[in-house]
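Presented below is the structure to which this report refers.
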Amino acid sequence: MADYKPQQIEKKWQDFWSAKGTYRVSEHNTRKKYYVLEMFPYPSGRIHMGHVRNYTIGDVVSRFKRARGFNVLHPIGWDAFGLPAENAAIQNSIHPSIWTRGNIEQMKQQLMRLGFSYDWSREIATCDVKYYRWEQWLFTRLHREGLAYRKTSVVNWDPVDQTVLANEQVIDGRGWRSGAVVEKKEIPQWFLRVSDYSEELLGELEHMTGWPDAVKTMQKNWIGRSEGVEAEFRVDGQEMPLKVFTTRPDTIMGVTYLALAPEHPLAGEVAKNRPDVADFISRCRKTLVSEAEIETVEKSGVSLEIDATHPISGEKIPVWTANFVLMSYGTGAVMSVPAHDQRDWEFAKKYGLGIKQVIFPKDGNEFDIEERAFTEKGTLGDSGWLSGLTSQEAFAKIAGFLEENSAGGTRTNYRLRDWGISRQRYWGAPIPIIHCERCGEVPVPDSDLPVELPLEIDIDGQRIPALSKIESFTATVCPECGEPARRETDTMDTFMESSWYFLRYASPDFEDGMFDPQKASYWLPVDQYIGGIEHAILHLLYSRFFTKALRDLELLKLDEPFENLLTQGMVVKDGAKMSKSLGNTVDPDDMIARYGADTVRMFMLFAAPVEKDLEWSERGVNGMFRFLGRVWRFATELLSEPQNGEHSGKFSAKGKATELEASTNRTIRKVTEDIESFKFNTAISAVMELFNELGSLWKEKEVGREDARPALLVITRLLYPMAPHFAEEIWELSGESGNLVDKEWIKWDEESFEGAEITIPVRVNSRVRNQISIKADSDEETAREAALSDSRVAEYIAGREIKNFVYVPKRIVDIRV
RNA sequence: GCCCGGGUGGCGGAAUUGGUAGACGCAAGGGACUUAAAAUCCCUCGGGAGUUUCUCCCGUGCCGGUUCGAGUCCGGCCCUGGGCACCA
């Protein structure tokens, strides 16, 4: 018997796998391919527990699928551009590149210590020129297709630091470093036309059976397709009518005012002569960065003191600007119907605007419109020639009327906006465009790609120079006319890199394109994608968009990138997400040093179901260490006897061996099915139960060495995907041939536990009164007889009439008297 | 504010997807071993009651409903986590 010392065995097996090149794969293989991928990490410095959880899950899937006979691709890389590198650079006067490279080196070592089955030969880092050059190449193709375009858009501007801020860097309307009040600035920026794909991105969701419903619903709502009507309201003295979009055209006769987003051009127009309006506009957007803030702030507005003409009634309708109207949705203007929309109602009450009810309950009941808005559909009234119609009938009538009078008509609107990819930052992939006074926006020709990010920069100050400040970078000549020109100085959103990295893994060193088409068509789609739920919308939607755009560029024959998706919960401690700022992080390295990688992995899998948050508990880790220690001691004791080299692996049928054999086989089935469905916590429980049973039978001398051995070997093999070093070592100790990493997954023998008697409860008047033992496949008559002949059950029936008898095979007998 | 999740013992969780609520583990208490500690091993462990090898009652956030039967389905509340387009 020996103590379990993981430190002595884990390195040994890691070196063994690495020396053998066990996880290197190629397309030249007769097995069926399986591509398992975890979301790649941002190299922030050190691995955190969220990574450990994510990658442990992926590793179990990878090892399990290998054992099930698949040619498994399991790659890893680094999402290496991003804001934190610049922050670190400023803080520590270290170049973002050096900081990032150092982190990658460190984190790679950490991942290796966890024993993950990665094909390290495919490692990529998105800040490598050989990676982002192909992203630049793609950008020029998207540009050619009109899918990349420039328009002005607003950024957060820190007037003290003279820099653009991310939303995250704006706290209560102030720059996080300078504390200066943030200003809004309109600058030209690059966008990708995701909206062209709204319909397909939405429609395809229906067929994506391998994705969680919650994620699909979130994406569906994010795309936000709505059928409605656009109506035009003419404004005196304005050439262009005001357009509004509404999903409730039936309420149009109840419009009492129009509300414009503060950024609406007409509001800006009026503001020129109205200081109060100008003041309102500048005030109301200054501190509001996100949609969440805009929608929770107290509603306020100001009248523009102009009137619009109702397209149907011809009435004069006052026009306001209000802080809750979003410029980015619909037309940036809404028709307000206080009687039938609660938000409009509240605004109208606050500013004394009219409330006109035009929809009435179908059942003819009264509704007090002074109390709140009536938002249901119903019958139109007080609506002129539309009165008496139902909401549904009115929809079509009104749309038709607007159409005929060239004042609007039916429209489908999407909430999904085009993707702004411009970042005014240094640490990113430069956008490959040259601005020429004569030729306009000229994409960098293929022969001049890549546009390398200049690495020689001065970072000792408190600022990283934007590319626009680096003259040697900006100055160039126009590829078309040869005259002096300037480079685009925006870099690309880091979501660009993560939208296609899964394709690059198929051929990470390919030099003639983004990926080798043959290899990509072999490996893709990703069969199992695993990552945090926080990426449910943006990253996953952008990756889907990229895949479809690449398909339409005829670079890829693929509609969707990720066949199956698993979203795992966060790792929390004391109820809060582990984060540096909260100071509640736990370093995986400490845990590995103390307990070993296998214990940490097992704990991560055992402590919570994958999709739920996991509460970190070092006591729990210790408990898992004790479990592995018990198995270890049992194994070393059992296997210490000299082996004769011949093991049938069969149970003897002596004593309780048959029972142990049945439990062993039942456990194989349970663990296999649980791993298939990612229920690792119950898979581990099942192994623990089997081990507990084996332990007691052994201690009570109910089974001998010959029967303990096959059970223990099964336990070892079932633990292998989760605790691979541990399992390999015991396997080697047992003297069995080969290594588990190359072994087929273990099969179970159904016959060993079929046909056994089972115990089911008998309920009388909803209370369990006793259990009966019957064959699993007993018919109702047999079950009835068994139940009624049970003395305790009989006591509770006691001569009363049986009013109802229910028998659910293998489950329950329920009697009502 | 809008969208999507989640609420089960002291704690993490299990419950064959409508069929014995609390598997497995942690913590706690008691005991064995030990000079001692650690480690290890054994027992108890949702609450209450009783005639205490056993039996009864209550119990899955709250209120109501469907059903022979509800942690699971339906309606309405409360609390809580994630996302909201420049954090990744």
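As the structure is a prediction and not an experimental result, all values here were calculated from the model. Chain naming here is simple, since letters A, B, ... match the order of the sequence lines and numbering starts at 1 in each.
The nucleotide B:U34 finds no pairing partner, because no Watson-Crick or G-U wobble arrangement with both distances shorter than 3.5 Å includes it. The partner of B:C84, taking Watson-Crick or G-U wobble pairs whose two distances both stay under 3.5 Å, is B:G1. The partner of B:G12 is B:C24, by the rule that a Watson-Crick or G-U pair needs both atom distances under 3.5 Å. Figure legend. B:G18 is base-paired to no nucleotide; pairs are counted as Watson-Crick or G-U wobble with both atom distances under 3.5 Å. In a base pair of the Watson-Crick type (N1 to N3 plus N6-O4 or O6-N4) or a G-U wobble (N1-O2 and O6-N3), with each distance short of 3.5 Å, B:A49 is matched with B:U55.
Nearest nucleotide to the side chain of A:Arg767, out of B:G1, B:C57, B:A85: B:C57. Taking only side-chain atoms of A:Ile537, from C-beta outward, the nucleotide of B:G83, B:C4, B:A23 with the closest atom is B:G83. Of the candidates B:C41, B:G12, B:G69, the closest approach to any side-chain atom of A:Arg633 belongs to B:C41. Across B:G13, B:C84, B:G82, the shortest atom-to-atom separation from the side chain of A:Met570 is found for B:G82. Closest to the side chain of A:Ser290, from the set B:A88, B:C41, B:A85, is B:A85. Taking the side chain of A:Arg792 as heavy atoms from C-beta on, and the options B:C86, B:C4, B:C56, the nearest nucleotide is B:C56. Taking only side-chain atoms of A:Ile533, from C-beta outward, the nucleotide of B:C56, B:G7, B:G82 with the closest atom is B:G82. Set against B:G1, B:A27, B:A85, the side chain of A:Thr296 has B:G1 as its closest nucleotide. Closest to the side chain of A:Lys699, out of B:C41, B:C86, B:A14, is B:C41. Distances from the side chain of A:Ala292 to the nucleotides B:G1, B:C68, B:G6 place B:G1 closest.
The glycosidic torsion of B:U52 lies within 90° of 0, which places this base in the syn conformation. Applying the 90° cutoff around 0 to the glycosidic angle, B:G9 is assigned syn. Its glycosidic angle being more than 90° from 0, B:U66 falls on the anti side. B:U17 shows a glycosidic angle within 90° of 0 and is accordingly assigned syn.
Heavy atoms of A:His539 sit nowhere under 4.0 angstrom from any nucleic acid atom. In this structure, A:Arg417 reaches the bases: a heavy-atom distance under 4.0 Å links it to at least one base atom across the strands shown. Residue A:Arg816 is classed as a sugar-phosphate contact, given heavy-atom separations below 4.0 Å to backbone atoms only. Using a 4.0 Å heavy-atom criterion, one finds that A:Ser328 contacts no nucleic acid atom at all. If you check every strand for non-hydrogen atoms under 4.0 Å, A:Phe627 touches nothing.
A donor-acceptor contact under 3.5 Å is formed by the side chain of A:Gln424 with the base of B:C86. No donor-acceptor contact under 3.5 Å links the side chain of A:Glu615 to the base of B:C26. A donor-acceptor contact under 3.5 Å links the side chain of A:Asp814 to the base of B:G19.
OP1 and OP2 of B:C24 both lie 4.0 Å or more from every side-chain N or O belonging to A:Asn681. Distances shorter than 4.0 Å separate none of the side-chain N or O atoms of A:Tyr329 from OP1 or OP2 on B:C84. The phosphate of B:C4 (OP1 or OP2) has a side-chain N or O of A:Asn221 nearer than 4.0 angstrom. Taking 4.0 angstrom as the limit, A:Thr217 places none of its side-chain polar atoms (N or O) nearer than this to OP1 or OP2 of B:C4. At B:G25, one or more side-chain N or O atoms of A:Asn692 fall inside 4.0 Å of OP1 or OP2 (strictly under the cut-off). For the pair A:Arg626 and B:U40, the criterion of a side-chain N or O lying under 4.0 Å from OP1 or OP2 is met.
Distance check on atom P: B:C63 versus B:U53 gives 36 Å, rounded to whole Å. Using atom C1' as the reference point in both B:G59 and B:G47, the two lie 7 Å apart (nearest Å). Across B:C73 and B:G82, the matching P atoms stand 24 Å from one another, rounded to whole Å. One C1' atom belongs to B:G75, the other to B:A28, and the distance between them is 42 Å to the nearest Å. Distance check on atom C1': B:C56 versus B:U51 gives 12 Å, rounded to whole Å. Taking atom C1' in both B:G71 and B:U8, one finds a spacing of 7 Å when rounded to whole Å. To the nearest whole angstrom, the two C1' atoms, one in B:G5 and one in B:G10, are 26 Å apart. Across B:A36 and B:A27, the matching P atoms stand 23 Å from one another, rounded to whole Å.
Place A:Ala607 and A:Gly420 on RNA chain B by their nearest nucleotides, and A:Ala607 ends up nearer the 5' end. When each of A:Ala166 and A:Thr682 is assigned the nucleotide of RNA chain B bearing its nearest heavy atom, the one mapping closer to the 5' terminus is A:Thr682.
A centroid separation of 6.0 Å or more is found between the aromatic rings of A:Phe606 and A:Phe627. Taking the six-membered ring for Trp, A:Phe753 and A:Trp748 have ring centres at least 6.0 Å apart.
The environment of NZ in A:Lys803 is sparse: at most 12 heavy-atom neighbours from other residues, nucleotides or ligands sit within 6.0 Å.
At whole-Å resolution of the value, CD in A:Glu689 and C1' in B:A23 are 6 Å apart. Distance CD (A:Gln169) to C1' (B:A88): 13 Å, rounded to an integer number of Å. If you take OH of A:Tyr4 and P of B:A38, they are 23 Å apart, rounded to a whole angstrom. Between A:Ile815 atom CD1 and B:U20 atom P the separation is 16 Å, expressed in whole Å. Look at CZ on A:Arg343: it is 12 Å from P on B:G1, rounded to the nearest Å. Rounded to a whole Å, the CE atom of A:Met327 is 23 Å from the P atom of B:C84. Taking atom CZ of residue A:Arg811 and atom C1' of nucleotide B:G19, one finds them 7 Å apart after rounding to whole Å. Atom CZ of A:Arg763 and atom C1' of B:C68 are 8 Å apart (whole Å).
In this structure, A:Thr100 and A:Ala80 approach most closely via the heavy-atom pair CG2-O, 3.6 Å. Across every non-hydrogen atom of A:Glu38 and A:Tyr501, the tightest pair is O-OH, 3.7 Å.
A:Phe805 carries A:Arg784 over the face of its six-membered ring, with the cationic atom under 6.0 Å from the centre and within 45° of the normal.
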Practice task
Take A:Glu750 and A:Arg669 through the salt bridge (charged side-chain N to carboxylate O under 4.0 Å, His left out) test and state the conclusion after the steps.
Solution key: CA-CA 9 Å; A:Glu750 200 101 10; A:Arg669 182 172 75 175; 2.8 Å; yes
Problem - Stepwise ring pair (Phe, Tyr, Trp, His ring centres under 6.0 Å) check, A:Phe502 with A:Phe40 - result: CA-CA 9 Å; A:Phe502 47 90; A:Phe40 65 166; 9.4 Å; no
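A salt bridge links A:Lys350 with A:Glu298: at least one charged nitrogen is closer than 4.0 Å to a carboxylate oxygen. The pair A:Arg150-A:Glu488 meets the salt-bridge criterion, with a side-chain N (NZ, NE, NH1 or NH2) lying under 4.0 Å from an Asp/Glu carboxylate O.
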